[in-house]
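Just below is one structure, and these are the notes that go with it.
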There are 2 protein chains.
Amino acid sequence: MEGVRETAPKTDRCGGCAIRGVAICTSLTEGDRHALRAMGQPRHYGAGDTIFGEDERFGFLANVVSGVVKLSKTLPDGRQQIIGVEFAGDFLGRIYRDRTSFRAEAVTPVHLCCYPRARFEALVAATRGLEERLFRDALDELDSAREWMVLLGRQSAREKVARFLQMIARRNAGGCGPALGARFELPLSRADMADFLGLTVETVSRQMTRLKTEGLIRISNNRIIEVEDVGDLEAAAGGWAA
Amino acid sequence: MEGVRETAPKTDRCGGCAIRGVAICTSLTEGDRHALRAMGQPRHYGAGDTIFGEDERFGFLANVVSGVVKLSKTLPDGRQQIIGVEFAGDFLGRIYRDRTSFRAEAVTPVHLCCYPRARFEALVAATRGLEERLFRDALDELDSAREWMVLLGRQSAREKVARFLQMIARRNAGGCGPALGARFELPLSRADMADFLGLTVETVSRQMTRLKTEGLIRISNNRIIEVEDVGDLEAAAGGWAA
DNA sequence: GGCGCGGGTTGATCGAGATCAAGGCGATAT
DNA sequence: ATATCGCCTTGATCTCGATCAACCCGCGCC
């Protein structure tokens with residue numbers, strides 16, 4: 001699990017909580033930033049802990065400071081689909097909704113910086129530009145949800161796995177310019193990958209070894225992935241630049 | 001195509017454009033409503049017309065006044081996935097983004113009430129509560145996108161078709177309380193249903209006749225559907241209340 | 001040491017849905 | 001009437017991914 005922390009984007013302090021550059025902090029004036037800093041409360045979860053369940057009250061909003069969180073929905077009969085994965089800097093919870101509609105679970109040890117809902121919403125109401133900031137983030141989430149719909153509905157198992165790896169590689173690349181290759185630690189188990197991609201564990205495993213034997217990736221310790229050429233991976237993913 | 005118009009929710013006038021109750025108009029003061037009304041420009045599209053393509057500039061935002069619009073994304077090799085369907089009253093386009101990330105196409109004849117982007121954004125900036133209104137709509141879209149991800153990733157063909165019918169039935173029910181049965185006209189062709197559900201035309205057709213022979217639905221004219229008991233359909237959809 | 005356990009891989013088989021192919025039906029045109 | 005076209009259905013067959021089953025490996029535990 002160490003590798004995940006290592007490859008996380010650089011952080012800067014924000015009232016005891018480290019917030020990545022893209023987090024909501026950055027678009028604020030110094031005064032507002034101070035107000036946000038003042039209300040942030042650190043919380044910690046171990047790998048596997050539930051942060052919140054489906055359809056329950058969630059009194060906080062939070063920035064993910066470190067670690068990886070998976071968001072999932074479950075059918076009545078237990079079938080599960082992961083609908084999103086959040087990394088350091090991502091925002092968890094939504095204003096205007098105090099009921100959750102999906103489960104959030106720590107995949108690695110997770111640090112959150114939590115803001116009590118009432119106080120946060122008051123700050124949003126009082127702060128010029130903060131609502132827009134959150135709105136834009138929601139639109140980004142909407143776009144990625146829709147891209148994932150294309151993957152789930154129309155792509156093959158090989159393409160799904162390749163595109164998943166590509167996504168992780170891109171996330172980990174952070175600000176650094178586009179490199180030819182990449183090396184990173186997978187934050188998710190094969191089972192979680194399967195739930196994200198709408199496949200079974202066995203199929204994910206087979207496609208991983210297939211990509212390996214094809215020479216597109218190298219695998220050590222089951223979780224450490226080296227990509228030879230990101231372009232090749234993109235081609236295997238069905239040609240997807242974004 | 002006539003039936004679609006018939007079953008569309010009731011409308012009220014808004015500067016030459018009819019807007020359903022849930023549309024943005026309702027949450028405004030009389031003055032703001034007037035401003036919105038003043039900038040609305042009617043536009044008309046025939047069935048099959050493209051309203052906007054993937055990744056192009058779109059200078060308007062719009063309310064769907066009547067008809068049905070499908071939103072889709074296409075893979076480089078041509079595979080298509082429908083990511084959403086909009087009915088009368090739904091809002092098309094987004095503030096803070098003048099580039100589209102998916103295609104919008106009229107499925108039936110469509111009337112839009114268009115607002116020029118610059119003027120609309122100015123109104124949003126000046127109008128208390130309008131941004132929140134749009135934000136909430138975006139969150140609803142995000143929720144339904146995520147529910148659809150579960151369907152695409154984890155449900156069988158039969159469940160997919162049943163849930164699609166259930167969704168259409170619910171949309172058409174509008175304000176009227178929950179009835180035992182339902183009767184409506186399908187707005188989409190079998191091919192479009194397939195693209196929405198991540199299936200092929202043949203599979204959709206087979207599952208439709210299967211639901212018919214099982215006595216869950218009745219089909220006339222290929223497009224007119226009668227549901228005996230919505231509860232049964234819900235059960236076939238994998239148990240989904242929402 | 002031996003043991004159990006969680007996570008991953010691999011093989012054999014099965015089956016749901018894709019693919020290929022043919023034909024029906026209603027609407028419009030000739 | 002006949003032809004054509006778009007949309008839908010139905011049948012035959014194939015294939016990809018699911019399912020069932022065995023096994024490996026690393027690790028903590030008794």
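No hydrogens, no waters, no symmetry mates; every other heavy atom, side chains included, goes into these values. Just so it is clear: chains get the letters A, B, ... in the order the sequence lines come, proteins before strands, and each one is counted from 1.
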What distance do A:Ile82 atom CD1 and A:Arg103 atom CZ have between them, rounded to the nearest 0.5 Å? 10.0 Å
Apply salt bridge (charged side-chain N to carboxylate O under 4.0 Å, His left out) to the pair A:Arg146 and B:Glu141, showing each step before the final yes or no. CA-CA 10 Å; A:Arg146 283 170 164 169; B:Glu141 280 189 88; 2.8 Å; yes
Give a yes/no on whether any side-chain N or O of B:Ser205 is located under 4.0 angstrom from OP1 or OP2 of D:dT9. yes
Calculate the interatomic distance between B:Arg223 atom CZ and D:dT9 atom P; express it in whole Å. 10 Å
Taking only N and O in the side chain of B:Thr209, is any of them less than 4.0 Å away from OP1 or OP2 of D:dT9? no
With a 4.0 Å cut-off on heavy atoms, is A:Gly48 in touch with a base, just the backbone sugar-phosphate, or nothing at all? nothing
Start with the C-alpha gap between B:Asp90 and B:Arg171, add the side-chain angles, then the distance that decides, and say whether salt bridge (charged side-chain N to carboxylate O under 4.0 Å, His left out) holds. CA-CA 11 Å; B:Asp90 290 336; B:Arg171 288 263 193 177; 3.2 Å; yes
Checking D:dT9, D:dA12, D:dA21 against the side chain of A:Glu202 (C-beta onward), the nearest is D:dA21
NZ or CZ of B:Arg99 within 45° of B:Phe52 ring axis and under 6.0 Å: no
Return no unless some side-chain N or O of B:Arg190 is found under 4.0 Å from OP1 or OP2 of D:dT9. yes
Take the protein atom CZ of A:Arg79 and the nucleotide atom C1' of D:dA18, then report the distance between them rounded to whole Å. 13 Å
Are any side-chain N or O atoms of B:Arg218 and backbone N or O atoms of B:Glu226, one a donor and one an acceptor, separated by less than 3.5 Å? no
Is the backbone of A:Ala169 close enough, under 3.5 Å, to the side chain of A:Asn172 for a donor and an acceptor to pair up by distance? no
Contact under 4.0 Å: A:Thr200 side-chain N or O vs D:dA18 OP1/OP2: yes
CG of B:Asp192 versus C1' of D:dC8: gap in Å, rounded? 14 Å
I need the CZ-P distance between A:Arg206 and D:dA18, as an integer number of Å. 9 Å
How close or far is atom C1' of D:dA18 from atom NZ of A:Lys160, stated in whole angstroms? 12 Å
At 4.0 Å (heavy atoms only), tell me whether B:Ser189 reaches a base, stays on the sugar-phosphate, or touches nothing. sugar-phosphate
Write down the distance between CG (B:Asn221) and C1' (D:dG6), rounded to a whole number of angstrom. 15 Å
Rounding to an integer number of Å, can you tell me how far B:Met193 CE sits from D:dC8 P? 9 Å
Taking any atom closer than 4.0 angstrom to a non-hydrogen atom of chain A, what span of DNA chain C does the protein reach, first nucleotide to last? C:dG8 to C:dA12
Using atom CD of A:Gln207 as one end and atom C1' of D:dC16 as the other, report the distance to the nearest whole Å. 9 Å
Using the closest heavy atom to pick a nucleotide of DNA chain C for each, name whichever of A:Arg154 or A:Asn222 lands nearer the 5' end. A:Asn222
List the atom pairs, with distances to 0.1 Å, where a side-chain N or O of residues 149-157 of chain B and a protein N or O form a donor-acceptor pair under 3.5 Å, not counting sequence neighbours.
unit_1: B:Arg154; atom_1: NE; unit_2: A:Gln80; atom_2: O; d: 2.8
unit_1: B:Arg154; atom_1: NH1; unit_2: A:Leu199; atom_2: O; d: 3.1
unit_1: B:Arg154; atom_1: NH2; unit_2: A:Ala194; atom_2: O; d: 3.0
unit_1: B:Arg154; atom_1: NH2; unit_2: A:Asp195; atom_2: OD1; d: 2.9
unit_1: B:Arg154; atom_1: NH2; unit_2: A:Leu199; atom_2: O; d: 2.9
unit_1: B:Gln155; atom_1: OE1; unit_2: B:Arg163; atom_2: NH1; d: 2.5
unit_1: B:Gln155; atom_1: NE2; unit_2: B:Ala237; atom_2: O; d: 2.9
unit_1: B:Ser156; atom_1: OG; unit_2: B:Glu159; atom_2: N; d: 3.3
unit_1: B:Ser156; atom_1: OG; unit_2: B:Glu159; atom_2: OE1; d: 3.4

